[in-house]
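Computed from a prediction, not measured in an experiment: that's the story for all the values here. We use all heavy atoms of the structure for the numbers below, so side chains are in, but hydrogens, waters and symmetry mates are not. Just so it is clear: chains get the letters A, B, ... in the order the sequence lines come, proteins before strands, and each one is counted from 1.
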Amino acid sequence: MGTTDILIKFALIVIIFLVSLLIAMYSTYAERKIAAFLQDRVGPNRAGPFGILQPLADGAKMFMKEEIIPTTSNGFLFIVGPSLAIMTACIGSAVIPWGETLVIGGHRIPLQVTDINVGVLYIFGVVSLGVYGIMIGGWASNNKYSLLGAIRAASQNISYEIAMGLSIIALLMTTGTLSLKEIAAQQHGWHWNIVYQPLGFLIFIVCAFAETNRAPFDLPECETELIGGYHTEYSSMKLGFYLFAEYINMFISSAVMATLYFGGYNFPYMHHLGLAENWVTILGVVALFIKIFFFIFFFMWVRWTLPRFRYDQLMDLGWKTLIPLAIANIVITGIVMTFIK
Amino acid sequence: MESLTGKRKIIESKPLNFWERIYLPAILRGLSITIKHFFRKDVTVRYPEQKREFSENFRGMHSLKRDEHGRERCTACGLCALSCPAEAITMISAERKPGEENLYREEKYAAVYEINMLRCIFCGLCEEACPKEAIYLDGDIVPADYLRKDFIYGKDKLVEAPLNQ
């Protein structure tokens with residue numbers, strides 16, 4: 001790997017990092033706007049035209065606020081918690097193929113930071129690390145409500161991780177690879193995996209809601225039962241990092257869903273339009289982002305539609321419904337593959 | 001038991017059928033309801049720029065009226081204070097001195113007239129009790145303030161502007 005390659009990779013990493021931060025920033029704005037529209041309101045419209053400077057104002061507010069670290073808390077872990085949450089949220093983007101290859105000055109640049117052959121496993125590993133941020137934050141606060149919230153988060157994430165992993169196995173059986181780049185490439189044109197794995201996708205998306213702690217599974221934070229949840233003791237930007245991590249997680253899991261089930265950067269007739277390679281790649285990136293934005297919108301749409309689950313209902317759904325369904329899906333996929341191929 | 005209104009409804013709780021138990025049709029219906037609202041026009045009023053019109057009989061801030069010659073109508077009879085269920089009105093009466101005939105309509109007038117806007121419930125009984133048609137609740141919403149003492153409105157805020165202005 002030459003110096004130029006390293007520089008190109010570095011630039012790509014920086015761009016993806018900045019894009020995920022930007023999208024997370026504007027997700028907060030989008031969430032408020034969508035909530036407002038779904039409730040026949042206007043939403044934020046003070047800062048700038050249509051309120052588009054609202055995220056900047058929110059960020060400035062978060063940084064200016066007084067920072068409180070409880071005296072009885074574990075100081076080091078208290079700071080590590082939110083850092084870990086946001087770090088694990090960010091590193092998931094490394095293996096997602098954002099597009100095909102760009103050709104700039106004779107260099108072929110694949111729009112993916114790294115194409116490791118266990119990409120799906122890497123994503124799952126990183127996503128499950130995310131719960132450490134919540135767990136450590138809740139524990140370090142030295143507050144029983146925070147701890148309860150953190151425990152709820154941990155048990156919820158573990159339960160849904162299993163169903164998610166099982167739902168993905170059926171997909172891996174049909175694709176035969178763990179590399180996200182190959183999975184995306186296989187779905188060329190209209191061969192999207194959603195067509196072959198509708199049940200698997202359904203399980204996956206439900207688990208993705210639970211993994212990102214979004215409504216209706218946002219049990220780690222619960223105003224009435226837990227005075228807030230795992231972040232009760234957090235203030236100023238440390239709280240901001242937790243909330244931000246949630247939005248980055250939402251972006252990354254939308255990207256994963258789009259890549260695994262909705263063809264990633266593929267769009268119909270992409271190689272029959274007679275366009276130059278770079279243009280096809282750019283359109284592919286646009287297509288991927290449209291899919292991602294749709295999923296982010298869907299996350300918010302569901303949040304403002306469904307009420308929060310009760311804790312035992314959540315566990316029932318995870319263990320008694322989704323896991324058996326995922327196993328049944330594996331069996332059905334196996335039978336179909338054996339008899340049809 | 002016999003229902004008094006005849007509107008009693010007996011709730012039957014049948015066990016959920018298959019489609020109800022998998023929740024997905026219900027979730028999809030919910031999503032379709034919320035997305036309909038996404039495209040609906042907002043019902044809110046953008047307050048500082050846009051004010052909602054009040055109805056004809058809206059009861060807002062009180063005002064003490066003047067008569068056709070610009071004299072204060074109030075004679076400090078105390079009926080408004082007496083009728084006030086929240087006991088928000090207090091007043092001190094005084095006697096009109098010679099030369100003040102252009103200021104007060106009758107011999108007695110209110111030297112101090114105070115309404116505590118934090119106590120007032122805007123019931124309008126003072127308006128009804130007043131024999132001199134001196135008090136009306138025809139003003140705007142009482143504005144917000146920071147201190148409790150600033151909500152006690154004296155004559156400076158309640159009396160109508162003089163006619164010649």
Trainee: With a 6.0 Å cut-off (strictly less than), is the heavy-atom count around CD of B:Glu87, excluding the residue itself, greater than 12?
Mentor: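 No - once you tally the heavy atoms of other residues, nucleotides and ligands closer than 6.0 Å, there are 12 at most.
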
Trainee: Could you grab the distance from atom CZ of B:Phe39 to atom CG of A:Leu38, nearest 0.5 Å is fine?
Mentor: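 One gets 9.5 Å once the value is rounded to the nearest 0.5 Å.
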
Trainee: Indicate the atoms forming the closest heavy-atom contact of B:Ile35 with A:Trp301, along with that distance.
Mentor: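 Nearest heavy atoms, B:Ile35 then A:Trp301: CB-CZ2, 3.5 Å.
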
Trainee: Mark yes when over 12 heavy atoms from residues, nucleotides or ligands other than B:Glu160 sit less than 6.0 Å from its CD; otherwise mark no.
Mentor: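 For B:Glu160, atom CD is crowded (more than 12 foreign heavy atoms under 6.0 Å).
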
Trainee: For B:Gln50, I'd like to know if atom CD has over 12 heavy atoms of other residues, nucleotides or ligands within 6.0 Å.
Mentor: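 Check passes, neighbour count above 12.
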
Trainee: Looking at OG1 of A:Thr321 and OH of B:Tyr23, how far apart are the two atoms once the value is rounded to the nearest 0.5 Å?
Mentor: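 Going from the OG1 atom of A:Thr321 to the OH atom of B:Tyr23 covers 9.5 Å.
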
Trainee: Heavy-atom count check: over 12 atoms from other residues, nucleotides or ligands less than 6.0 Å from B:Glu49 CD?
Mentor: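 Yes, CD of B:Glu49 has more than 12 neighbouring heavy atoms, counting only those of other groups under 6.0 Å.
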
Trainee: Using heavy-atom distances under 4.5 Å, tell me whether A:Leu202 contacts chain B through its side chain, its backbone, both, or neither.
Mentor: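 The answer is the side chain of A:Leu202.
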
Trainee: Determine whether B:Thr44 and A:Asp40 satisfy the following criterion, side chain to side chain contact (heavy atoms under 4.5 Å, CB included), listing intermediate values before the conclusion.
Mentor: CA-CA 7 Å; B:Thr44 47; A:Asp40 302 338; over 6 Å; no

Trainee: Is it the backbone or the side chain of B:Lys41 that comes under 4.5 Å from a heavy atom of chain A, or both, or neither?
Mentor: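 Contact with chain A involves the backbone of B:Lys41 alone.
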
Trainee: Taking everything shown except B:Glu12 itself, do over 12 heavy atoms lie less than 6.0 Å from its CD?
Mentor: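 12 or below, so no.
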
Trainee: Heavy-atom count around A:Phe50 CZ within 6.0 Å, excluding the residue itself: above 12?
Mentor: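 Atom CZ in A:Phe50 is not packed in, count stays at 12 or less.
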
Trainee: If you round to the nearest 0.5 Å, how far is CZ of A:Arg46 from CZ of B:Arg46?
Mentor: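 Result: 9.0 Å between the selected atoms.
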
